[in-house]
Structures are given as C-alpha cells and as structure tokens.
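Structure first, then comments.
Computation of the quantities below employed the complete heavy-atom set of this structure, encompassing side-chain atoms and omitting hydrogens, waters and symmetry-equivalent molecules.
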Amino acid sequence: MKAIVVHPPEAKEAPPRLVWADVPDISYAPDEVLVAVRATAVNRADLLQAAGGYPPPAGASEILGLEMAGEITAVGEAVTDWQVGDRVCALLPGGGYAEFAAVPAGMLLPVPPAWSYEQATAVPEVWLTAYVNLFLEGGLEADEIVLIHAGASGVGTAAIQLARAAGARPWVTAGAAEKLAFCRELGAELAVNYKEDDWLTAVMDASHGQGVNLILDPVGANYLQDNLNALGWRGRLVSIGLLSGGRVETLNMAPILRRRLQIIGSTLRTRPLAEKIGLTHAFYDRFGGQLRDGTLQPIIDTTFPIQEASAAHAYVRQNRNIGKVILKLEERK
C-alpha cells in the first residue's frame with residue numbers, strides 16, 4: 001500500500017518532506033476492521049510528529065494521521081457489528097495518512113448517508129477533543145461561560161457548537177477579522193482579536209470583572225498567568241496544547257488558592273483504548289443525532305490531495321485555516 005513517509009528536510013530550518021510512497025501492507029486483529037481510507041485530516045499533532053516532537057504511543061502506527069473516513073474492506077473474526085462495505089470514520093492513534101487503516105471495531109462511527117468522506121473525517125479528532133475537554137474534564141454546564149482560545153481552529157469551531165448545544169456561552173479569541181466573524185456566526189457571544197486587543201481586559205470587561213467559568217487553551221506557557229487571572233470563582237483551565245511552549249519562568253499562585261481554581265492537563269491520543277472507545281460512544285450518544293440532522297456541522301476550510309500533504313501542513317502551520325484541512329485519497333484502482 002501507499003502512505004505518507006516523513007523524510008528529513010532538505011535544508012536547515014526547513015520543514016520535513018512528506019512523500020507519498022510504498023510501505024508494507026498492514027494486518028488487522030480479530031477485533032479490528034480494515035478500512036480503505038478515502039479521507040484523513042491535518043492536526044497540529046501531525047506537524048509535531050513529522051518534526052520529531054510527538055512520537056506515537058507504544059504499539060501505534062508510526063504513519064501520520066489521527067483520524068480517517070473510508071469503507072470497510074475486511075472484518076476480523078470477532079467483529080459482529082460491522083460488515084464489508086460499511087462507510088465509517090474513526091479516531092486513530094496514528095496511521096491515517098495511508099491507503100488502509102486497521103481500526104478497533106469499538107472505535108468506529110457510522111458515516112451519515114448524505115455525508116462525504118471529507119465531512120466525516122473532519123469529526124473524530126477535533127469533536128472528540130472538544131467534547132472530552134469541555135464536558136468530561138472541564139465540567140461545562142448550561143449558562144456557564146467558556147473561553148475558547150484558537151476559536152477558529154478545528155477544535156475551536158467544534159467547541160463553539162458543542163457549548164451552544166449544551167446551553168453554555170462560548171467566548172473566543174482568534175487572530176484575524178474573518179476568523180472572528182466566522183466564530184460569531186457559529187454562536188460565539190464574544191470574539192476578541194488577540195493580535196490587536198488585550199484579550200484578558202476584554203474578557204474581564206465583558207464579564208463585569210467576574211471572569212469566566214472554563215477556559216480551553218492550546219497555547220500553553222505564554223497564556224498561563226492571564227488564563228488564571230481570567231477565571232472566576234471555582235474556574236477551570238483545561239490545557240490541551242503547548243503552542244507557545246510548556247515552561248513558565250514565574251507563576252503567581254495566589255489566584256489559584258484564593259478563587260479555588262483548577263488547572264487540568266489533558267491529552268486524547270495516549271489514553272487507553274478502552275477509555276477512548278467509551279468516550280467515542282458517550283460523545284455519539286449525546287451529540288450524534290445533532291450531527292446527523294445538521295444542527296452541528298463539521299467545518300472544513302480546504303481539501304488537498306494526499307500527495308500534497310506537505311502543502312497542507314504548511315497551510316496549517318501558517319494558521320490560515322478556519323476549521324479543518326482535509327487530505328483526500330482517490331479510490332484505489
């Protein structure tokens with residue numbers, strides 16, 4: 001089969017080269033299915049892994065790609081709920097940038113009949129990430145305010161919609177006028193351009209000095225102190241990324257104690273399989289109906305052929321996207 005293979009950069013400071021090349025065929029276990037991948041997507045974790053900074057979990061495929069959508073071509077002998085020809089999508093620990101993926105049957109979600117594979121692959125990684133960190137880690141409840149940094153990202157656009165669906169109040173930060181406008185269209189009550197305005201001041205002004213209940217943050221170190229200052233009584237900060245690094249030179253801990261704040265670290269990729277299966281089903285039980293009827297919409301910015309994965313990574317690296325960047329595979333002849 002073919003897959004994206006990561007090659008070292010050709011020049012210093014250049015990104016790694018992503019080449020569509022022949023790799024060994026994969027096998028599947030009795031409790032797995034083999035899926036012919038029709039679409040996958042770009043996530044920040046893929047960029048980090050390609051650069052050597054985010055190795056896959058033990059036992060996972062070293063091929064990039066944390067989600068895929070496609071058609072089942074074979075089922076393991078222990079699989080009873082799925083059959084050859086079913087259209088499915090799934091979260092993966094790796095292996096999505098390939099013609100075929102082996103997927104535990106419990107991780108599969110059905111692709112709605114009216115959906116394209118591109119729509120379907122835009123769901124697993126970012127919607128599960130948003131769901132887990134808003135509700136299971138962050139404990140978001142109706143009428144609470146959640147501040148979502150990088151609001152126009154894949155996770156951000158999913159989180160805005162899920163927060164609204166749960167009766168909460170999403171506020172966002174983003175770095176461009178068109179991104180802010182799109183977030184407002186999705187339901188963000190407050191949208192702050194962090195490149196032009198002090199987002200902490202804007203948040204405290206809009207909350208009349210009370211702060212927010214929950215913050216979803218992929219930025220990391222540079223935002224930590226301001227995040228704590230933006231939280232209200234018993235506020236929760238869920239840290240889901242380290243775009244600005246993971247080390248903080250100084251930290252004023254007084255707000256944590258005084259306002260009984262919580263700092264919660266969260267990743268999805270390295271959770272045990274059984275936990276991820278449970279999370280997948282919990283998400284689909286709660287919000288699957290709204291995805292199927294169109295109340296909730298996966299947001300796609302643009303689609304690249306899988307052979308142009310390097311260009312797709314560059315597009316995401318430059319923060320140009322609103323929502324997901326998709327990689328499309330042609331059906332194998």
Side-chain angles (χ1 to χ4, degrees), residues 33 35 37-41 43 66-72 81-83 85-92 96 103 105-136 138-144 146 148 151-172 179 181-189 191 214 216 268 276-303 321-326 328:
V33 304
V35 180
V37 179
R38 301 286 184 251
T40 182
N43 292 284
L66 301 182
E67 58 201 331
M68 64 85 224
E71 180 180 334
I72 295 177
D81 296 335
W82 302 94
Q83 60 187 3
D86 286 345
R87 288 165 24 103
V88 296
C89 62
L91 180 74
L92 304 172
V103 187
M107 291 297 299
L108 298 172
L109 292 173
V111 175
W115 278 25
S116 67
Y117 287 121
E118 291 89 335
Q119 286 175 289
T121 201
V123 171
E125 171 67 19
V126 295
W127 285 77
L128 278 167
T129 296
Y131 167 75
V132 167
N133 293 300
L134 287 176
F135 303 109
L136 304 187
L140 183 65
E141 298 181 356
D143 297 323
E144 288 193 320
V146 53
I148 303 161
S153 66
V155 172
T157 54
I160 292 168
Q161 294 182 73
L162 289 176
R164 291 283 294 182
R169 302 173 58 194
W171 294 4
V172 304
K179 292 185 176 183
F182 193 86
C183 290
R184 292 188 189 98
E185 289 179 10
L186 287 179
E189 292 185 9
L214 175 65
L216 200 61
L268 184 58
K276 287 192 282 190
I277 289 173
L279 295 174
T280 298
H281 287 273
F283 162 74
Y284 197 69
D285 287 345
R286 182 169 179 182
F287 292 108
Q290 290 167 283
L291 280 168
R292 292 191 299 271
D293 69 17
T295 304
L296 300 175
Q297 289 279 347
I299 305 301
I300 295 174
D301 181 285
T302 191
T303 299
N321 57 298
I322 296 175
K324 295 287 287 185
V325 172
I326 305 300
K328 184 177 181 180

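Heavy-atom contacts from other residues, nucleotides or ligands closer than 6.0 Å to CG of Asp285 number more than 12.
When the side-chain hydrogen bond (donor to acceptor under 3.5 Å, both in side chains) test is applied to Arg87, no partner is found at least two apart in sequence or on another chain. Considering only residues two or more places apart in sequence or on other chains, Asp301 meets the side chain to side chain contact (heavy atoms under 4.5 Å, CB included) condition with Tyr315, Asn321, Ile322. Residues satisfying the side-chain hydrogen bond (donor to acceptor under 3.5 Å, both in side chains) criterion with Glu67, sequence neighbours excluded, are Asn43, Lys324. Considering only residues two or more places apart in sequence or on other chains, Lys276 meets the salt bridge (charged side-chain N to carboxylate O under 4.0 Å, His left out) condition with none of them. Qualifying side-chain hydrogen bond (donor to acceptor under 3.5 Å, both in side chains) partners for Tyr284, counting only residues two or more places apart in sequence or in other chains: Arg292. By the side-chain hydrogen bond (donor to acceptor under 3.5 Å, both in side chains) test, Thr295 is found to be paired with Asp293, residues two or more places apart in sequence or in another chain being considered. The salt bridge (charged side-chain N to carboxylate O under 4.0 Å, His left out) search around Glu141 returns none, not counting sequence neighbours. Partners of Ala191 by side chain to side chain contact (heavy atoms under 4.5 Å, CB included), not counting sequence neighbours, listed by chain and number: Val172, Leu180, Arg184. Shown here are the ring pair (Phe, Tyr, Trp, His ring centres under 6.0 Å) partners of Phe283, two or more places apart in sequence or in another chain: Tyr131.
When side chains are defined from C-beta on, Glu71 does not count as touching Asp86, because their heavy atoms never get closer than 4.5 Å. At a threshold of 4.5 Å between non-hydrogen side-chain atoms, the residues Trp127 and Leu91 do not count as touching. Taking the side chain as every heavy atom from C-beta outward, Phe182 and Ile299 approach each other to under 4.5 Å.
Of all heavy-atom pairs between Ile326 and Ala41, the closest is CD1-CB, 3.9 Å.
Legend: salt bridge (charged side-chain N to carboxylate O under 4.0 Å, His left out) pairs involving residues 108-122, not counting sequence neighbours, sorted by first then second residue: Glu118-Lys328. Evaluation of the salt bridge (charged side-chain N to carboxylate O under 4.0 Å, His left out) test over residues 158-172, restricted to residues two or more places apart or in two chains, returns Arg169-Glu189.
Between the side chain of Thr121 and the main chain of Tyr117, no donor-acceptor pair closer than 3.5 Å is present.
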Considering only distance and modelled atom types, tabulate donor-acceptor pairs under 3.5 Å from the side chains of residues 154-162, sequence neighbours left out.
from, atom 1, to, atom 2, distance (Å)
Thr157, OG1, Ser153, O, 3.0
Thr157, OG1, Gly154, O, 3.1
Gln161, OE1, Gln297, N, 2.8
Gln161, NE2, Thr157, O, 3.2
Gln161, NE2, Gln297, O, 2.8

Apply side chain to side chain contact (heavy atoms under 4.5 Å, CB included) to Val146 and Trp171, showing your working. CA-CA 6 Å; Val146 53; Trp171 294 4; over 6 Å; no
